[in-house]
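What follows is one structure encoded as structure tokens, with my remarks underneath.
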Amino acid sequence: MKSRLRVLLIEDSEDDTFLLLRALKKGGIEPYYKVVDSESAMETALMEETWDMVITDHSLPGFTSFRVLELSHQYAPDLPVIIVSGLIGEDVAVSAMKAGAQDYIMKDNLNRLIPAIQREMREVSVRLAKKRAESTLEHMAYHDSLTDLVNRREFERQLIQSLHDSRKSARDCVLLYLDLDQFKIINDTCGHMAGDELLKQLSKVLGQRLRTSDTLARLGGDEFGVLLRNCDAVDARKVAENLCKEVREFRFVWEDKPFAVSLSVGMVIMGSHYKTASELLSHADLACYAAKDRGRDNVQVYESSDLNMQQRQRDMHWTSRLQGALQTDDFFLFHQEMVPLQEASADGFRTEFLVRLRDGDDTVPPGAFIPAAERFGLMPRIDRRVIDLAFAYLDRTGLGREPTGTFFINLSGGSLSDGELFHFIHSKVQEYSILPARICFEITETSAIAHLNDTIGFIERARKEGFEFALDDFGTGMSSFTYLKALPIDYLKVDGGFIQNLLADPIDMGIVDACNRIGHAAGLKTIAEFVENDDVKDCLTKLGFDYAQGYGIAMPVPLNE
């Protein structure tokens, strides 16, 4: 109980007011109070001050307790009202309780007043605590816990509402999709606490540059959304560019180390052709990635005719499809055989495992989905699936434990920098009981050069276990022969682009011949890929290539189990 209860008395009798105050004092309450006897005076008191309790007579001249209840609920919905009256019928009292009165007390029985006040003040505390809890939960449901900005769910709701409003009012709205360019560097070098602090500080920086009518939201990670209401494309671009400028000039300091950050911004003009928030955000995301692709720290407007955005949209579709395929059995393997071109090379068969994707009754070739998988970092997971499928096949058929035979498996550049890949392969060898000597991992020249130190370290560890390695697409790099000396490999696969034009282009002929000679000089076995006819095969045989692979040799076919 508060020692100074704030009581608004609605009473026109000085004697009755005295009796009420005496009853309160007798009950240990020394209230701060005000006495009013008219509707206008009560309204003024409710507007000017905060009260804990209203105690009212039932009937004043032209002013009843029912009107007191209406005004109380209008100005202070949680303010308890107790009716104290000398003459009130039971039916009127019941009606008053239904209208919101907490209690009614007869003036000749004021002993009930103090218990009623105490009860109501306890219940008010409970109601207010519950209301605060509900308000907190509601706020949490629609706001990001780290930055206190609107969250993705609420932002999407506001996007849909703005689409609806703009159709009715013909007012322009623009969506901005913001992505921090250097966030991962700060997270990786300083830890997540630094990253969180950066997000909180930038949220304030961004919010200070927007109007109160705009909405700034954190969409997840280091991504933000801005809804610009009643804003045309020209002004929206200025806003976006100003946000980029503010972030560019912002300096984040963590443990005395300064960091510079920048924004990439995708912009979408919200027209009537948009129906869903997800479509808007998807297009804004595409535009944002276009901004990153074009140098970062800039603004790109979504344009459906932009070829790069069309390609990224296709890639994003494939990304979703591939993530689903990794959870199912939609990936499966073909294989394509290689043939020896020299008698000395006929020391066991060789074949390459090739990944395919099942789409209903159709088979999707890798060229359709590999670019998207590489762009969105899914190739390491796909590589692991291929290794698992290949090793399982070699276990079921027993081919993985035969004394001869070599099975080629491709590894992407992303896998070469995966520090856990070797342990994964080692565990699968044990799980399926296959001989490492039966496996040759293929890596492309460009991937090997891009991850040279990681590649060399991985190859050296794996070769100690008995695995072999082939360098694929050889000849495409500017310094192919230089890097060849650094890589401990077993096979050299010459890029098929040179093989295809071998007979028609003397330069390609010279490159292919040189690759084969240098490969042999390095003690490697050479493989020509993309061999499509017997004439090319015969030429390669004369040049001294060890093996040939291509549609003119053997078509890729599903594994025969």
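Computed from a prediction, not measured in an experiment: that's the story for all the values here.
A donor and an acceptor atom, one from each side chain of H283 and Y274, are located under 3.5 Å apart. Checking E352 against N410 by side-chain atom types alone, a donor-acceptor pair falls below 3.5 Å. In summary, the side chains of D383 and S412 do present a donor paired with an acceptor at a separation below 3.5 Å, with no hydrogens or angles considered. For the residue pair K493 / Q549, a side-chain donor-acceptor distance below 3.5 Å is found, with atom types taken as modelled. There is no side-chain donor-acceptor pair under 3.5 Å between T351 and E337. Looking at S262 and D181, their side chains do bring a donor and an acceptor atom within 3.5 Å of each other. Between the side chains of Q323 and Q327, no donor N or O sits under 3.5 Å from an acceptor N or O. A donor atom on one side chain and an acceptor atom on the other are not found under 3.5 Å apart for Y432 and R401. Counting only N and O atoms by type, the side chains of T526 and N516 include a donor and acceptor under 3.5 Å apart.
Among F408, F407, Y547, the one residue that satisfies the ring pair (Phe, Tyr, Trp, His ring centres under 6.0 Å) test with F349 is F407. Looking at K200, R152, R218, R153 one by one, the single match for salt bridge (Lys or Arg N to Asp or Glu O under 4.0 Å) with D144 turns out to be R218.
Note that R356 lies in the cation-pi zone of F334, set by a 6.0 Å cut-off to the ring centre and a 45° limit from the axis. Figure legend: cation-pi geometry between R358 and F332, with NZ or CZ positioned under 6.0 Å from the six-membered ring centre and within 45° of its axis. Stacking of R384 on the aromatic ring of F424 is recorded, both the 6.0 Å distance cut-off and the 45° axial limit being met.
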- [ ] Check step by step if side chain to side chain contact (heavy atoms under 4.5 Å, CB included) holds for H335 and L354.
- [x] CA-CA 5 Å; H335 76 108; L354 304 169; over 6 Å; no
Open item on the list: What verdict does the salt bridge (charged side-chain N to carboxylate O under 4.0 Å, His left out) test give for D490 and K525, after you've listed the backbone C-alpha separation in whole Å, the side-chain angles of each residue and the deciding distance to 0.1 Å?
Closed with: CA-CA 6 Å; D490 304 277; K525 299 172 184 176; over 6 Å; no
TODO: Check the pair E241 / R237 against salt bridge (charged side-chain N to carboxylate O under 4.0 Å, His left out), numbers first and verdict last.
DONE: CA-CA 6 Å; E241 289 173 347; R237 188 174 189 97; 3.2 Å; yes
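Under the salt bridge (charged side-chain N to carboxylate O under 4.0 Å, His left out) criterion, R438 pairs with no residue at all, not counting sequence neighbours. Y551 is linked by a ring pair (Phe, Tyr, Trp, His ring centres under 6.0 Å) to nothing, counting only residues two or more places apart in sequence or in another chain.
The aromatic rings of F391 and F467 sit parallel to each other, their planes meeting at less than 30°, with 60° as the upper class boundary. Using the six-membered ring where Trp is involved, H426 and F422 have ring planes that are parallel, under 30° apart on the 30 and 60° scheme.
A salt bridge links E154 to R157: one of the charged nitrogens lies within less than 4.0 Å of a carboxylate oxygen. Looking at D513 and R517, a side-chain N of the basic residue comes within less than 4.0 Å of a carboxylate O on the acidic one, giving a salt bridge.
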